[in-house]
There are 2 protein chains.
Amino acid sequence: MSNSEEFDLRDFFPYLLNLAAEESSLDFQAYYKTRYGMLRMEWRVLFHLGRYGEMTATEMGQRAKLHKTKISRAVKALENRRFLTRHEMESDRRNELLQLSALGKAAYDDLHELAQKYNQSLADQFSKKEQAVLRSCLLKLAKL
Amino acid sequence: MSNSEEFDLRDFFPYLLNLAAEESSLDFQAYYKTRYGMLRMEWRVLFHLGRYGEMTATEMGQRAKLHKTKISRAVKALENRRFLTRHEMESDRRNELLQLSALGKAAYDDLHELAQKYNQSLADQFSKKEQAVLRSCLLKLAKL
DNA sequence: GTCTTTTTGTTACAAATGCAACTGATTTTA
DNA sequence: TAAAATCAGTTGCATTTGTAACAAAAAGAC
């Protein structure tokens, strides 16, 4: 029925990508979760604000391809924990400018630095050449 | 504050992997979802049984690194839809041998073939060399 | 001007997941 | 062999997510 030459899950890129994504996120996730009580979306929002400066939720949604409900909830959670503040824009009161508080910036700096080290430890498994190929393939697959 | 040489989300492998995994799964996911009403876990369980033959839930859990509750629920759903049957093992009545029904096998054959084509279309974006590097990096990252 | 449409962001409800407690079967220990 | 520990699998509950309906503000039609 199923001979050993057959197409295997280990050959199926979506499967491999999912496993690799989960596995490679675990330790970092554990850090921001236990240290700052953040969820993945909250970490992403924090990162975007820390990295690219203040912006509105819609702007972030376009940049990061995140749905507005995800952002809305992450922003609320971050606001409750005093990591960011919102400022209604006078030009259009539907828009809110999001920006990190000092607390948020401190968390960003810490996580940013850790992310960099963490990433390096992942990359160190591979040669420079492999890293470059991997990165460019992932960018293509992610349609970035 | 944040200069443009700074470490970016696009350099962060866990992030890239997550996006690539999501994006690359979308179309295939849509197929088994609309065609067979399956969830991701159900497709994985179906695939394992179709590809590797009958086995117990625990065996599958080890093979696929899936938690037993996920398997339990996926098995129940597949059983309800008549895609598989269970057989209590006489040697140890805690164990249940899972095997695909004819219906399940048909679904597996269809999805297996599609997965292969789908995978090929993903792979076609890259050179043979790149494909090999990508695959080996992902296997390492996934700790397989 | 006011009526309709679009846009920003929130909320409500259903589905999916993770974790821990549970049942029933088997093995170990004393 | 009786009590305790272990193991396979299930269920319940709390958390997270996805979808769609929603309210408020702004823009456009007329």
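A note on names: the letters A, B, ... follow the listed sequences, proteins ahead of strands, and every chain is numbered from 1.
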B:A57 and B:L98 have their tightest heavy-atom pair at N-CD1, 4.0 Å
Mind telling me whether A:Y108 and A:H112 have parallel, tilted or perpendicular rings, with 30° and 60° as the class edges? tilted
Taking any atom closer than 4.0 angstrom to a non-hydrogen atom of chain B, what span of DNA chain C does the protein reach, first nucleotide to last? C:dA16 to C:dT26
Using a cut-off of 4.0 Å on non-hydrogen atoms, how would the nucleic acid contact of A:I71 be classed: base, sugar-phosphate, or nothing? nothing
Between B:K33 and A:E59, the residue closer to the 5' end of DNA chain C by nearest nucleotide is A:E59
Nearest whole Å is fine: how far is D:dA26 C1' from A:E90 CD? 16 Å
Counting the atoms with a prime plus P, OP1 and OP2 as sugar-phosphate, which does A:R86 contact under 4.0 Å by heavy atoms, base, sugar-phosphate, or nothing? sugar-phosphate
Side-chain heavy atoms nearer than 4.5 Å, only ILVMFWY residues, links allowed to pass through others: does that put A:V133 and A:L138 together? no
For atom CD of B:E88 and atom P of D:dG9, their distance in whole Å: 11 Å
Parallel, tilted or perpendicular for A:F47 and A:W43, by the 30°/60° rule? perpendicular
Distance check needed: D:dT15 P versus A:L39 CG, whole Å only. 11 Å
State which of D:dT19, D:dT6, D:dA26 makes the closest approach to the side chain of A:R93. D:dA26
Can you confirm whether B:K33 is buried at NZ, in the sense that more than 12 heavy atoms of other residues, nucleotides or ligands lie under 6.0 Å from that atom? no
N/O (side chain, A:T69) to phosphate O (OP1/OP2, D:dG18) under 4.0 Å: no
d(CZ, B:R73; C1', D:dA8) in whole Å: 16 Å
note: A:E96, atom CD; D:dA24, atom C1'; distance rounded to Å ~ 12 Å
Would one find more than 12 heavy atoms of other residues, nucleotides or ligands at under 6.0 Å from atom NZ of B:K117? no
d(CZ, A:R44; P, D:dT16) in whole Å: 15 Å
Calculate the interatomic distance between B:K70 atom NZ and D:dG9 atom C1'; express it in whole Å. 17 Å
Whole-Å distance, B:N95 CG to D:dT10 C1', equals 15 Å
Under the side-chain contact (heavy atoms from CB on, under 4.5 Å) rule, what do B:F83 and B:E42 come out as? Steps first, then yes or no, please. CA-CA 10 Å; B:F83 285 128; B:E42 296 163 20; over 6 Å; no
